[in-house]
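Down below is the structure, laid out as structure tokens.
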Amino acid sequence: MNVVAFAGYSGSGKTTLVESLIAALKLRGLRVSVVKHAHHSFDIDYAGKDTYRHREAGAFEVVAASDKRLALIREFELPTSLSVHHLIAELYDGVDWVLVEGFKDSDLLKIEVWRAPSAEYAGKPARYPDDDFVVAIATDAPDQLPQATLRPVLDLNDPDAMATWLIENQERFVYRSEHYA
């Protein structure tokens with residue numbers, strides 16, 4: 001599997017980009033998984049459903065599956081901090097690409113999503129000058145990058161071209177879990 005992370009501050013467009021890239025890669029016949037970090041409590045289950053009742057009864061894990069979908073819900077007894085590598089290990093290993101969103105400090109190769117300050121977006125400092133894992137910058141304002149770079153600068157609004165770039169450079173993104181064990 002190939003793994004690439006997307007780093008950027010809230011509001012920079014990471015989710016929109018990842019969503020568009022999923023579609024662009026799927027059009028090429030590739031299977032895509034996503035790992036997304038949540039900074040807050042979240043729930044995919046709700047009161048009254050059997051899976052919720054099983055969790056409430058004390059189950060450590062509940063797996064719900066149909067012929068179309070599988071969901072695993074795991075309840076940690078104590079707050080637990082999982083690395084992105086733990087989460088990637090949970091994925092089906094037959095995927096072509098894993099797009100990671102929300103682990104900006106990880107040791108994965110990543111594309112920084114950077115926007116120039118505007119009325120809609122309060123600009124944040126760029127990460128690429130200080131992060132050796134940033135291999136490219138996706139932006140809608142290449143002429144406003146805060147520092148010159150030799151890294152590829154990709155059009156944030158052209159996910160098809162970005163998908164092509166990822167495929168052309170996929171040997172860089174091959175994930176070897178033994179490097180992170």
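Every heavy atom of this structure was used, including side-chain atoms; hydrogens, water molecules and symmetry mates were not.
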- Message: Using a strict threshold of under 4.0 Å (side-chain N to carboxylate O), is an ion pair present between Lys110 and Glu101?
- Response: no
- Output yes when a side-chain donor or acceptor of Arg127 lies under 3.5 Å from a complementary backbone atom of Val113, and no otherwise. no
- Determine whether the side chains of His54 and Thr51 contain a donor N or O and an acceptor N or O closer than 3.5 Å. no
- Query: Between Arg115 and Ser12, is there a donor-acceptor pair closer than 3.5 Å when you use the side chain of the first and the backbone of the second?
  - Reply: yes
- Query: Would you call the rings of Tyr175 and His85 parallel, tilted or perpendicular if under 30° counts as parallel and over 60° as perpendicular?
  - Reply: parallel
- Query: Sub-3.5 Å donor-acceptor pair from the side chain of Asp158 to the main-chain atoms of Ala161, do we have one?
  - Reply: yes
- Task: State yes or no: do Tyr128 and Phe133 share one hydrophobic cluster built from I, L, V, M, F, W and Y residues joined by side-chain heavy-atom distances below 4.5 Å, directly or via other members?
- Result: no
- Locate the shortest heavy-atom distance separating Gly8 from Lys14; write the atom from each residue and the value. O-NZ, 3.0 Å
- Item | Exam field: side chain Ser20 to backbone Thr16, donor-acceptor pair closer than 3.5 Å | yes
- Is the side chain of Arg55 donor-acceptor paired with the backbone N or O of Glu75 at a distance under 3.5 Å, no angle test? no
- Query: Hey, any chance Val135 and Leu25 share a hydrophobic cluster, counting ILVMFWY side chains that come within less than 4.5 Å of each other, even indirectly?
  - Reply: yes
- Query: More than 12 heavy atoms of other residues, nucleotides or ligands under 6.0 Å from CZ of Arg53: is that the case?
  - Reply: no
- Query: Can you tell me if Asp140 uses its side chain to pair, donor with acceptor, with the backbone of Leu156 under 3.5 Å?
  - Reply: no
- Message: When you measure from the side chain of Asp45 to the backbone of Tyr52, do you find a donor-acceptor pair of N or O atoms at a distance under 3.5 Å?
- Response: yes
- Query: Cluster question for you: counting only ILVMFWY and a side-chain heavy-atom cut-off of under 4.5 Å, with indirect links fine, are Leu87 and Val62 together?
  - Reply: no
- Please lay out, stage by stage, how Val98 and Val34 fare under the test side chain to side chain contact (heavy atoms under 4.5 Å, CB included). CA-CA 5 Å; Val98 176; Val34 174; over 6 Å; no
- Exam field: side chain Thr139 to backbone Trp114, donor-acceptor pair closer than 3.5 Å: yes
- Query: Honestly curious: do Val134 and Tyr9 fall in one hydrophobic cluster under the side-chain, below-4.5 Å linking rule?
  - Reply: no
- Message: How close do Met1 and Ile88 get, counting heavy atoms only, and between which atoms?
- Response: SD-CG2, 4.0 Å
- Taking Ser81 for its side chain and Pro79 for its backbone only, find out whether a donor-acceptor pair lies under 3.5 Å. no
- Message: As a quick check of understanding, evaluate side chain to side chain contact (heavy atoms under 4.5 Å, CB included) for Val32 and Val95, giving each step before the final call.
- Response: CA-CA 6 Å; Val32 181; Val95 301; over 6 Å; no
